[in-house]
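For reference, the structure is listed below as structure tokens.
Below, each value reflects all heavy atoms present in this structure, side chains not excepted, and no hydrogens, waters or symmetry copies. Quantities reported herein were computed from a predicted structural model and do not represent experimental measurements. Chain naming here is simple, since letters A, B, ... match the order of the sequence lines and numbering starts at 1 in each.
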2 protein chains.
Amino acid sequence: MDLRQAQYVIAVVDNGSFTAAAASIPVSQPALSQAIANLERELGTPLFHRLGRSVSLTAAGEAFVPPARQMLRDAEVARAAVTAVAGLDAGRLDLVSLPTLVVEPLVELVGRFRRAHPGVLVRISEPEDSADLIEQVRSGEAELGLGDTVPDDASLEGHLIGRQRMLAVLPPGTDLGSSTSLAATRLASFPLITTPRGTSTRRLLTTALRDRDPDADPAIGVVTEHREAIVPLVMAGAGAAVLPEPLARNAAALGATVAPLSPRVEREVVLVHRRGALSPAAEVFRALADGG
Amino acid sequence: MDLRQAQYVIAVVDNGSFTAAAASIPVSQPALSQAIANLERELGTPLFHRLGRSVSLTAAGEAFVPPARQMLRDAEVARAAVTAVAGLDAGRLDLVSLPTLVVEPLVELVGRFRRAHPGVLVRISEPEDSADLIEQVRSGEAELGLGDTVPDDASLEGHLIGRQRMLAVLPPGTDLGSSTSLAATRLASFPLITTPRGTSTRRLLTTALRDRDPDADPAIGVVTEHREAIVPLVMAGAGAAVLPEPLARNAAALGATVAPLSPRVEREVVLVHRRGALSPAAEVFRALADGG
DNA sequence: TCTAGCCATAAGTAGATCCTATCGAACGCA
DNA sequence: TGCGTTCGATAGGATCTACTTATGGCTAGA
């Protein structure tokens with residue numbers, strides 16, 4: 001059995017004759033006759049009574065027609081479903097993002113993407129750490145990853161889509177003196193609040209401090225996996241933190257003392273994906289990230 | 001798109017890899033790869049992410065799979081429906097029968113057929129007259145016809161499946177004297193009750209009378225299209241009728257005087273169908289009629 | 001009886017599908 | 001880091017299928 005054969009049978013039913021059906025497809029009449037004859041042979045039963053000048057369905061043909069119609073409809077449904085996904089009227093875009101990049105710039109990008117393509121579901125997953133983010137992209141679990149390093153992997157491709165300045169976030173009322181920035185050595189004098197080893201924020205913090213003074217041994221005050229606890233901890237006077245600018249600005253609005261580090265510390269925002277063709281949804285998202 | 005391609009895609013989804021899918025069908029792995037590649041080219045979108053050592057569905061693939069499964073199920077439904085009809089577990093048998101043959105022998109045949117194949121619907125239509133019965137069979141409106149003449153038509157085939165003796169049915173208390181049969185000339189002396197010209201019963205009556213005495217002009221007492229009124233009319237003394245033996249026996253049970261005609265008058269019972277292969281249901285029915 | 005229309009058959013060609021063999025890439029193991 | 005294994009993709013060639021045009025047989029209507 002075959003979609004083509006089913007289509008031919010339905011055409012004969014709807015047109016009343018083999019000749020008219022063949023003309024409507026279009027295909028030659030003998031081709032249609034043979035295709036139906038082959039189907040009948042395969043099924044072991046004639047589907048049509050040949051009455052010389054007209055044809056009519058046999059009982060077997062009557063039974064065949066309804067599921068055959070359904071079959072053709074399903075084929076159209078399948079085709080339309082795929083087209084809808086390709087045309088960004090449906091489907092899903094799987095993203096993975098470092099937690100500190102979710103608020104900025106991810107939410108803005110996702111918001112613009114969703115407004116442009118409301119039919120596409122966006123799923124955002126949280127990686128264990130930077131290595132896991134790369135792995136999720138490499139394995140196909142996510143199609144696009146938002147990280148802070150261009151991966152050292154030939155099968156992956158990274159696009160720099162922005163930079164984030166890192167700011168020191170200090171307890172309310174901390175006296176900075178006359179300077180508008182905070183020296184790395186001064187930062188090291190605070191008990192620090194940060195996430196566990198292996199996370200990108202932590203790596204950024206230690207790298208920044210060592211860059212300035214390799215011998216300094218920063219005093220870690222609090223280590224937590226709960227990023228959302230960092231700002232409240234600073235506010236409670238538990239210590240200082242280093243956060244990307246958008247998060248630091250939020251903390252400042254709550255009363256924390258915020259200052260850029262001196263010298264300046266930045267991290268890159270990198271969009272990662274597998275080398276090769278992206279899905280239409282991912283392609284649009286990448287253009288959004290590049291352009292904006 | 002193609003049922004085969006859909007089947008291949010589903011096999012990959014269910015088996016997790018192209019190789020395993022190919023082994024399960026069975027088909028060679030390159031054939032499966034090419035078929036899916038062709039489908040993807042036709043749809044304009046990849047259905048699978050090729051991850052080197054494993055594959056996973058793209059968003060388009062996710063959208064494709066459910067209707068594709070439905071399509072394959074429908075193909076099975078179509079096949080099963082046809083098989084059910086061919087195997088006499090479903091379907092319909094269209095019969096057309098002269099009214100006087102419905103009670104005998106048709107009901108008995110249909111009863112036996114239905115007991116053997118309860119899934120097959122039997123439809124019995126009533127022809128206008130003998131010519132219409134032939135036409136219904138010839139046009140395919142009915143597959144089998146039960147008549148009383150072998151049709152003079154090269155496209156049709158007639159099987160003699162029995163004979164029916166015609167009996168005179170006379171009002172209760174009619175004196176037949178010592179004879180156990182009724183001479184044709186005696187019959188002609190009764191006012192006769194019969195159906196309109198063109199019907200097979202009428203033709204049989206007049207033919208029988210003329211065979212005996214071409215000059216006799218039978219006195220027609222009542223002409224009615226309502227066959228079921230004939231016996232009550234006889235019972236009411238409205239005249240005499242000539243009926244096939246089974247109907248006449250019923251009348252006798254109600255009190256009518258019944259006698260075979262002398263000389264004997266018979267009609268043939270003929271099963272008519274188009275030349276060529278019959279549907280399985282019709283074939284079984286014909287065997288039933290021939291054998292019984 | 002003749003003509004027109006419809007389906008079946010025949011013959012040949014173009015295309016598709018399949019196979020085996022092989023390649024390139026990726027993963028796991030040492 | 002190198003090697004073997006396993007996976008999917010590619011290449012080449014044989015086979016089969018489906019299409020085309022041309023033609024025949026049969027039916028229906030003039």
Side-chain angles (χ1 to χ4, degrees), chain A residues 1-9 11-13 15-42 46-58 61 134-135 137-140 151-156 274-277, chain B residues 1-9 11-13 15-42 46-58 61 134-135 137-140 151 153-157 274-277:
Chain A
M1 196 182 319
D2 191 339
L3 283 181
R4 183 182 51 87
Q5 293 171 318
Q7 181 196 358
Y8 288 2
V9 169
V12 172
V13 171
N15 288 279
S17 82
F18 278 45
T19 303
S24 76
I25 289 188
V27 73
S28 71
Q29 170 264 315
L32 184 140
S33 283
Q34 280 200 1
I36 291 183
N38 287 341
L39 176 60
E40 289 175 324
R41 188 155 36 78
E42 177 190 338
L47 299 176
F48 292 98
H49 292 295
R50 273 76 164 178
L51 305 171
R53 193 138 175 164
S54 66
V55 292
S56 67
L57 281 170
T58 63
I134 299 298
E135 178 54 27
V137 174
R138 215 163 59 93
S139 72
D152 181 22
D153 188 316
S155 69
L156 298 183
R274 295 175 55 83
R275 206 168 285 280
Chain B
M1 197 183 316
D2 191 340
L3 283 180
R4 183 183 51 86
Q5 292 171 319
Q7 181 196 357
Y8 287 3
V9 170
V12 171
V13 171
N15 288 279
S17 82
F18 281 43
T19 303
S24 75
I25 288 187
V27 72
S28 74
Q29 171 264 315
L32 184 139
S33 283
Q34 279 201 359
I36 290 183
N38 287 341
L39 176 60
E40 289 174 325
R41 188 155 35 78
E42 176 190 338
L47 299 176
F48 293 98
H49 292 294
R50 272 75 165 181
L51 306 170
R53 194 137 174 165
S54 66
V55 292
S56 68
L57 280 170
T58 64
I134 299 299
E135 179 53 27
V137 174
R138 215 162 59 95
S139 72
D153 187 317
S155 69
L156 298 183
E157 205 173 326
R274 296 175 53 83
R275 207 168 286 281

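Heavy-atom contacts of chain A under 4.0 Å fall on DNA chain C between two terminal nucleotides, which in 5' to 3' order are C:dA4 to C:dC27.
Panel note: side chain A:T58, backbone A:P46; a donor-acceptor pair is recorded below 3.5 Å. In this structure a side-chain-to-backbone donor-acceptor pair under 3.5 Å is present from A:S24 to A:A21. A distance-only check finds a donor-acceptor pair linking the side chain of B:R274 to the backbone of B:R138 [under 3.5 Å].
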ask   = Nucleotide by nucleotide, 5' to 3', does protein get under 4.0 Å of the base (B), only the sugar-phosphate (S), or neither (-) in nucleotides 10-25 of chain D, counting heavy atoms?
value = B-------SSBBB---
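Taking the screw axis at each terminus of the helix from C:dT1-D:dA30 to C:dA30-D:dT1 from five consecutive base pairs, the angle between the two is 30° to within rounding of 10 degrees.
The phosphate of D:dC26 (OP1 or OP2) has no side-chain N or O of B:R274 nearer than 4.0 angstrom.
The distance between atom CD1 of B:I36 and atom P of D:dC7, rounded to the nearest whole Å, is 16 Å.
Interatomic distance, B:Q29 CD to B:S17 OG, rounded to the nearest 0.5 Å: 9.0 Å. The distance from the OG atom of B:S28 to the CD atom of B:Q34 is 8.5 Å, given to the nearest 0.5 Å. Interatomic distance, B:N38 CG to B:M1 CE, rounded to the nearest 0.5 Å: 13.0 Å. For the atom pair CD of A:E42 and CG of A:L39, the computed distance is 6.0 Å after rounding to the nearest 0.5 Å.
Taking the six-membered ring where the residue is Trp, the centroids of B:F18 and B:Y8 are separated by 6.0 Å or more.
Screening A:L3, A:V9, A:D2 for a side-chain contact (heavy atoms from CB on, under 4.5 Å) involving A:Q5 leaves a single residue, A:D2.
A heavy-atom distance below 4.5 Å is not found between the side chains of B:V55 and B:H49.
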